[in-house]
Q: 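To start, I am sharing the structure in question, which I have written as structure tokens.
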Amino acid sequence: MGGVERIAEAFATSGKRAALMPYVMAGFPTLAASVRAGEACVAAGGDVIELGVPYSDPLADGPVIHAAGTQALAAGASMAGVLEVARALADSVPLVAMCYANMVFAPGAERFLERLAQTGVCGLIVPDLPLEEAGELLALCDQRSLALVPLAAPTTPPQRLDAIGAAARGFLYTVSVLGTTGERNSGQDRFTGLVAKAKAATDVPVAVGFGISTPEHARQAADAGADGVIVGTRLVRAVGEDPASVGEVVGELAAALAAPR
Amino acid sequence: MSDGDATALVEHRFGPYGGQYVPETLMPALAELEQAWLQARSDPQFARELGALLADFAGRPTPLYRAQRLSERVGWPVYLKREDLNHTGSHKLNNALGQILLARRMGKTRIIAETGAGQHGVATATVCALLGMECMIYMGTADVERQRPNVQRMELLGATVAPVQVGANTLKEATSEAIRDWVSSVEHTHYVIGSVVGPAPYPALVRDLQRVIGDEARAQMLEREGRLPARVVACVGGGSNAIGTFTAFIDDTDVELVGVEAGGEGIDTPRHGAPLTVGGRPGILHGSRSAVLQDEEGQIKQAHSISAGLDYPGAGPEHAFLRDTGRARYEAVTDAQALTGFRELTRLEGIIPALETAHALAWVLTQQNGELDLVCLSGRGDKDLAAVLGEA
């Protein structure tokens with residue numbers, strides 16, 4: 001089964017109101033500890049894991065994920081190390097790598113994608129590669145059944161959203177707030193309009209991310225019709241503060257998505 | 001300003017360089033900015049408004065000065081384009097005036113900027129005071145230390161200076177923080193990028209606003225010498241004063257264009273800021289593809305320069321293109337050479353240059369031959385006294 005199909009199956013068979021998609025920073029705080037964090041996410045109900053690739057200049061990330069990446073790099077998390085983490089998790093859960101554009105293109109996009117595909121990674125999110133710059137990479141990903149997952153933002157106008165939705169593979173990553181990744185208090189109605197618009201623009205599942213940190217947020221996103229809920233900063237913080245709590249945090253999120261209403 | 005051509009597009013790419021490598025959230029804002037600039041640059045009212053401020057507020061045109069004793073020292077005539085006499089002490093005001101007028105036209109109420117040496121921050125804070133706009137300047141903590149007078153100036157002008165403590169605490173990190181702010185605040189905020197870097201349309205926009213330097217200098221040189229310079233020399237961090245000076249001469253193919261980068265402790269060491277000079281694989285930094293200091297996996301490396309304004313691991317995409325096509329060449333000058341240039345100009349001409357500018361002067365001072373040089377004296381060096389005297 002190709003990466004695109006594995007992701008589709010994960011959405012279809014999550015058994016929840018929306019698939020739960022935890023973010024794990026590879027190599028944070030160490031390679032081995034990030035594998036354990038990923039395993040804990042899967043055991044507690046994670047359906048797809050977004051695997052962060054540490055980068056020197058992560059423009060789309062807030063302070064918590066930025067600091068985690070910096071710490072991972074300082075601990076020696078090279079691309080080879082990131083791929084080891086991916087290999088250790090790839091059989092048990094579909095992985096989508098979140099990686100900044102310069103790291104994709106530095107070794108050559110084909111070589112980079114080959115390494116991902118050989119490791120069993122199913123998809124790729126490049127947060128600083130908007131539609132206008134993504135054409136060549138999308139073709140290369142399609143050839144390998146790797147899902148190139150685009151982002152849509154609250155600022156994205158309707159026509160542009162249609163174009164992004166048409167180019168989406170795996171799922172459409174809908175950014176729920178203006179800003180970088182990070183936890184936010186206000187949740188409420190912000191998801192409803194965004195999710196509806198995103199779903200109208202694409203055939204693939206719509207996942208909501210950025211600023212989702214509590215079971216209540218996750219429930220609101222599912223209420224709004226999201227097919228997937230991405231939780232990043234909250235989990236990275238858990239890994240940093242108390243790795244043993246990761247399973248519990250993910251379990252609460254999973255329960256919030258499973259609960260009938 | 002060049003003659004406004006409403007039909008010409010704003011360049012997104014310069015050969016294989018440039019582009020828009022930014023989070024999706026910013027893409028509509030970049031499109032809005034590009035449209036606003038297309039309209040403004042062909043609007044006579046905008047040209048009048050900017051022209052009046054450049055004349056009466058900034059003090060343009062700046063003089064072209066024949067540096068007599070410097071010329072005697074090197075053995076050929078050297079002219080200095082006196083951007084240090086522009087209000088706020090550097091060329092940065094040209095861009096800040098244009099962009100903030102544009103931002104006001106777009107209905108933005110808040111201005112953010114990054115700064116390294118503080119010159120762009122001071123220029124931005126100055127125009128925000130002039131136009132009554134809210135202003136936030138991001139600056140690495142290392143630069144806050146080494147450019148303290150400029151921090152004080154910005155605060156006096158009413159700006160908030162946000163110290164950035166990440167990585168090497170310099171210009172690269174300040175730029176990243178400014179972009180992150182913009183992702184969160186894009187609906188009411190304009191990001192005044194200070195150099196010919198960043199995602200399109202910024203490299204073209206900043207060049208259009210800085211080309212006044214070369215347009216003036218070319219006319220002044222023709223008037224003074226009855227000919228064009230043989231060489232045009234400018235320092236390059238991101239490269240805005242260099243592009244601003246070069247652009248008027250691009251089609252004068254007999255005029256040699258020389259960009260001088262920060263050689264730091266030497267380009268054979270890891271401690272420099274000379275991505276154009278050392279070459280290597282291009283990379284993506286702060287939204288555009290260009291010459292970048294990076295490792296094999298694509299992690300961006302830290303730059304080093306004694307000069308905060310040149311302490312940057314990237315350079316503008318148009319510079320990378322000018323290098324590849326052979327139209328301009330790029331060389332590096334070390335920290336030590338720049339300090340010599342700083343002292344030489346001060347003693348020979350009674351002009352204290354910025355440490356950034358001192359790189360261009362040092363390059364001229366180390367040449368064996370010359371005919372007629374034009375050097376962009378991009379800024380004054382009052383801000384650098386502590387750093388220079390500390391090095392003595």
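Convention: sequence-line order gives letters A, B, ...; per-chain numbering from 1.
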Q: Between A:Ala67 and chain B, with a heavy-atom cut-off of 4.5 Å, which part of the residue counts as in contact: side chain, backbone, both or neither?
A: neither
Q: Quick check: do B:Val183 and A:Leu178 have side-chain heavy atoms less than 4.5 Å from each other?
A: no
Q: Give, as side chain, backbone, both or neither, the part of B:Val292 having an atom under 4.5 angstrom from any heavy atom of chain A.
A: neither
Q: Could you tell me whether a side-chain N or O of A:Asn102 sits under 3.5 Å from a main-chain N or O of B:Gly283, the two making a donor and an acceptor?
A: no
Q: Nearest 0.5 angstrom please: B:Glu297 CD to A:Met103 CE, how far?
A: 5.0 Å
Q: Would a distance-only check, ignoring hydrogens and angles, find a side-chain to backbone donor-acceptor pair under 3.5 Å from B:Arg281 to A:Ala106?
A: yes
Q: Let me confirm one number: the CG-CD distance from A:Asp57 to B:Gln299, rounded to the nearest 0.5 Å.
A: 8.5 Å
Q: Output the distance between atom CG (A:Asp128) and atom NE2 (B:His286), rounded to the nearest 0.5 Å.
A: 11.0 Å
Q: Indicate yes or no: at least one non-hydrogen side-chain atom of A:Thr155 is less than 4.5 angstrom from one of B:Val186.
A: yes
Q: What part of B:Pro28 lies closer than 4.5 angstrom to a heavy atom of chain A: side chain, backbone, both or neither?
A: side chain
Q: Side chain to side chain donor-acceptor pair (under 3.5 Å) for B:Glu24 and A:Thr156? Distances and angles first, verdict last.
A: CA-CA 7 Å; B:Glu24 169 63 22; A:Thr156 305; 2.8 Å; yes
Q: Could you pull out every donor-acceptor pair under 3.5 Å between side chains of residues 70-80 of chain A and any protein atom, sequence neighbours left out?
A:
unit_1, atom_1, unit_2, atom_2, d
A:Thr70, OG1, A:His66, O, 2.9
A:Ser78, OG, A:Ala80, N, 3.4
A:Ser78, OG, A:Gly81, N, 3.3

Q: Please rank A:Ala153, A:Pro150, A:Pro54 by heavy-atom pairs under 4.5 Å with chain B and give me the top one.
A: A:Ala153
Q: Would a 4.5 Å heavy-atom cut-off, applied to side chains only, mark B:Met27 and A:Glu132 as touching?
A: yes
Q: Going by ring-ring contact (aromatic ring centres under 6.0 Å, His included), name the residues that satisfy it together with B:Tyr21, two or more places apart in sequence or in a different chain.
A: none
Q: Is there any residue in residues 58-65 of chain A with a non-hydrogen atom under 4.5 Å from a non-hydrogen atom of chain B, and which ones are they?
A: A:Pro58, A:Leu59, A:Ala60, A:Asp61
Q: Who are the side-chain hydrogen bond (donor to acceptor under 3.5 Å, both in side chains) partners of B:Arg105, not counting sequence neighbours?
A: B:Asp43
Q: Below 4.5 Å from any heavy atom of chain A, which atoms of B:Ile179 appear? Answer side chain, backbone, both or neither.
A: side chain
Q: Nearest 0.5 Å, what's the NZ-OG distance between B:Lys172 and A:Ser56?
A: 4.5 Å
Q: About how many Å separate CD1 of B:Ile284 and OH of A:Tyr100, when rounded to the nearest 0.5 Å?
A: 13.0 Å
Q: What part of B:Glu173 gets closer than 4.5 Å to chain A, counting heavy atoms only: side chain, backbone, both or neither?
A: neither
